[in-house]
Amino acid sequence: MRAVSVTGTGMTRFGRQGDTLKSLALAACREALRTAGHPRIGAVYAGNFLGGQLAGQEIIGSILAKELGLGPIPAVKMEGACASGGIAFRQAYLMIAAGVYDTALVVGVEKMTHAAASIVTEALNSAMDNDSSEGMSGLTFPGFFGVVANRYMHEFGAGREHLSMVALKNRSYAQHNPHAQFRKPATLDEIQQARLITDPLGLYHCSPITDGAAAVVIAAGAGGIRVLASGQASGPPLMQDIPDLLTIEAIRQAAQQAYAQAGAGPEDIDVAEVHDCFAMTELLAVEDLGFFAKGTAWQAIEAGKLQHGGEIPVNTSGGLLSRGHPIGATGVAQIVQIAKQLQGQAVNQVEGARLGLAQNLGGTGAYATVHIFGK
Amino acid sequence: MEMTLYDCEQCQTRSVPPRYVCPKCAGSGLTAIQADGAGTIYSCTTIYVAPERLAAEAPYAIILVDLDEGPRVTARLAQGIPKIGQRVVFNRYEDGVYWFE
Ligand SMILES: [Zn+2]
């Protein structure tokens with residue numbers, strides 16, 4: 001396999017935007033191409049989940065190749081629910097590593113805010129196995145992580161305030177990120193008192209509905225931020241089929257692959273972006289990535305170990321909770337933040353960061369990707 | 001009320017219909033059996049923000065039940081606020097949804 005590097009990055013502001021799916025993706029792509037020095041692109045990989053359902057727009061890969069004047073090159077859209085971006089990146093990476101292409105443009109994009117919350121919730125539910133009684137039951141994604149959170153608290157002695165501490169940390173980071181959806185400071189009390197979405201998760205414990213796009217250019221060679229590893233795994237798409245509800249096995253599997261490829265372990269990672277679609281998910285992710293033992297992440301957040309000055313700063317972009325979660329864009333936006341951390345040019349820069357990790361999740365743990373980067 | 005479960009002919013794993021294959025061994029030989037439908041709530045939530053088709057029913061309780069007969073099933077609790085460890089019993093299967101009380 002050949003060496004592969006990230007040579008350009010770009011992203012739009014996340015939040016409520018008047019733009020279209022196409023214009024958001026174009027803006028992120030133009031910035032990524034410009035920062036990469038306008039190389040000749042071999043293929044386009046687009047990560048997108050709800051374009052068909054919410055924006056009535058498919059074939060986004062081909063549209064971008066045309067609009068960006070990239071020529072008649074291959075283009076494709078990858079779908080893996082909230083992991084669409086991470087999967088698109090991985091497929092592009094593998095093709096370059098294998099020598100099929102020398103460069104690729106990877107973009108993640110979603111346009112969601114024009115639709116009502118109930119319509120978006122219904123659309124998001126297409127990331128469950130709906131040919132099942134569970135799909136019919138009325139379980140939602142917040143509901144799934146609410147069920148997980150109640151059991152996690154019951155089993156390990158965590159409190160609802162630990163979920164709030166995750167939300168508070170990520171909001172504090174987002175305050176310094178000009179691309180973030182929520183930059184207004186919040187207090188622990190405000191987070192605790194906010195209206196319930198699904199017991200025990202309140203408004204601040206859930207990622208928002210977001211418009212946005214992020215893009216990277218990757219190329220063969222070592223002339224950029226090196227992609228050291230790419231792991232991916234699948235897990236049960238139904239809650240009732242998950243053997244251990246408090247472990248996201250797909251994250252564990254993807255992480256093990258990635259650590260083996262990188263010749264590194266969780267203790268070597270300096271900075272990480274993890275998939276905090278809900279505050280609960282960040283706690284599970286940092287356990288399943290091996291940063292903390294199972295059942296102890298709530299103690300780690302309380303002790304300040306997931307932030308600057310602690311063991312590993314997590315979600316320095318503000319995470320999905322506060323930077324925002326435009327579904328298909330999220331996995332690529334995480335990679336943009338890690339690349340910038342390793343370039344020494346990130347918001348909430350971690351001094352001297354040499355190894356960074358990005359972890360993206362889809363569905364109830366149905367898909368997970370883990371990528372490791374080095375400078 | 002009696003509840004229909006599947007028994008895998010190959011590995012004897014019990015599962016909750018509808019299914020096309022055994023969740024353990026992927027075998028397609030599933031025999032319907034009758035079970036008494038009693039179980040314990042493993043975990044639960046009350047959903048306040050519902051998908052469009054269920055908006056009128058919110059808030060409603062979702063429970064994850066460990067059935068005494070083996071499998072775990074995602075279901076609705078007919079009434080009340082669910083608690084982990086609470087004993088529940090199958091009430092009905094309606095429009096593709098399992099209801100317990
Ligand atoms: Zn079987």
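Letters A, B, ... are given to chains in the order of the sequence lines, protein chains preceding strands, and every chain is numbered from 1. Both backbone and side-chain heavy atoms feed into the values below; hydrogens, waters and symmetry mates do not.
With a 4.5 Å cut-off on non-hydrogen atoms, Leu124(A) does not touch chain B at all. Interface remark: Pro17(B) contributes backbone atoms only to the contact with chain A (heavy atom separation under 4.5 Å). For Pro236(A), no part lies under 4.5 angstrom from a heavy atom of chain B. For Asn150(A), the parts sitting under 4.5 Å from any heavy atom of chain B are the backbone and the side chain alike. Within the 4.5 angstrom heavy-atom criterion, no atom of Ala55(B) approaches chain A. When heavy atoms are compared at a cutoff of 4.5 Å, Arg53(B) approaches chain A by way of both its backbone and its side chain. Contact of Tyr20(B) with chain A is made through the side chain alone, with heavy-atom distances under 4.5 Å. Thr140(A) touches chain B through backbone and side chain together, each having a heavy atom under 4.5 Å away.
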Please report, to 0.1 Å, the donor-acceptor pairs under 3.5 Å made by any side chain of residues 27-34 of chain B, with sequence neighbours excluded.
residue: Thr31(B); atom: OG1; partner: Glu9(B); partner atom: OE2; Å: 3.1
residue: Gln34(B); atom: NE2; partner: Thr4(B); partner atom: OG1; Å: 3.1

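Note that CG of Asp199(A) is 7.0 Å distant from SG of Cys44(B), once rounded to the nearest 0.5 Å. Rounding to the nearest 0.5 Å places CZ of Arg72(B) at 6.5 Å from CG of Leu245(A).
Taking a 6.0 Å sphere around CZ of Arg183(A), one finds it holds more than 12 heavy atoms contributed by other residues, nucleotides or ligands. Heavy-atom neighbours of Arg252(A) CZ from other residues, nucleotides or ligands within 6.0 Å: at or below the threshold of 12.
The cationic group of Arg151(A) lies under 6.0 Å from the six-membered ring centre of Tyr42(B) and within 45° of the ring axis, placing it in a cation-pi geometry.
The candidate with the highest count of non-hydrogen atom pairs below 4.5 Å against chain A, out of Val16(B), Thr46(B), Asp95(B), is Thr46(B). Looking only at heavy-atom pairs under 4.5 Å with chain A, the residue among Leu54(B), Ile84(B), Ile63(B), Val97(B) that has the most is Ile84(B). Between chain B and the options Gly138(A), Gly143(A), Pro200(A), the largest number of non-hydrogen pairs under 4.5 Å is found for Gly138(A).
Looking only at distances, no side-chain donor or acceptor of Glu122(A) sits under 3.5 Å from a matching main-chain atom of Pro51(B). Looking only at distances, a side-chain donor or acceptor of Arg76(B) sits under 3.5 Å from a matching main-chain atom of Ser137(A).
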Full working for side chain to side chain contact (heavy atoms under 4.5 Å, CB included) between Leu64(B) and Gln240(A): CA-CA 7 Å; Leu64(B) 186 56; Gln240(A) 64 192 9; 4.2 Å; yes
Worked verdict on Arg19(B) versus Asp129(A) for salt bridge (charged side-chain N to carboxylate O under 4.0 Å, His left out): CA-CA 11 Å; Arg19(B) 286 188 185 273; Asp129(A) 176 355; over 6 Å; no
Side chain to side chain contact (heavy atoms under 4.5 Å, CB included) between Arg195(A) and Val49(B), worked out: CA-CA 10 Å; Arg195(A) 73 182 166 93; Val49(B) 177; 4.0 Å; yes
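Thr45(B) and Thr198(A) form a side-chain donor-acceptor contact under 3.5 Å, judged by distance and modelled atom types alone.
Met239(A) places none of its side-chain heavy atoms less than 4.5 Å from the side chain of Val73(B). Proximity of Tyr48(B) to Leu196(A): side-chain heavy atoms (C-beta onward) are separated by under 4.5 Å at one or more points. At a threshold of 4.5 Å between non-hydrogen side-chain atoms, the residues Val148(A) and Ser43(B) do not count as touching. Between Pro18(B) and Ser133(A), the closest side-chain pair of non-hydrogen atoms falls below 4.5 Å.
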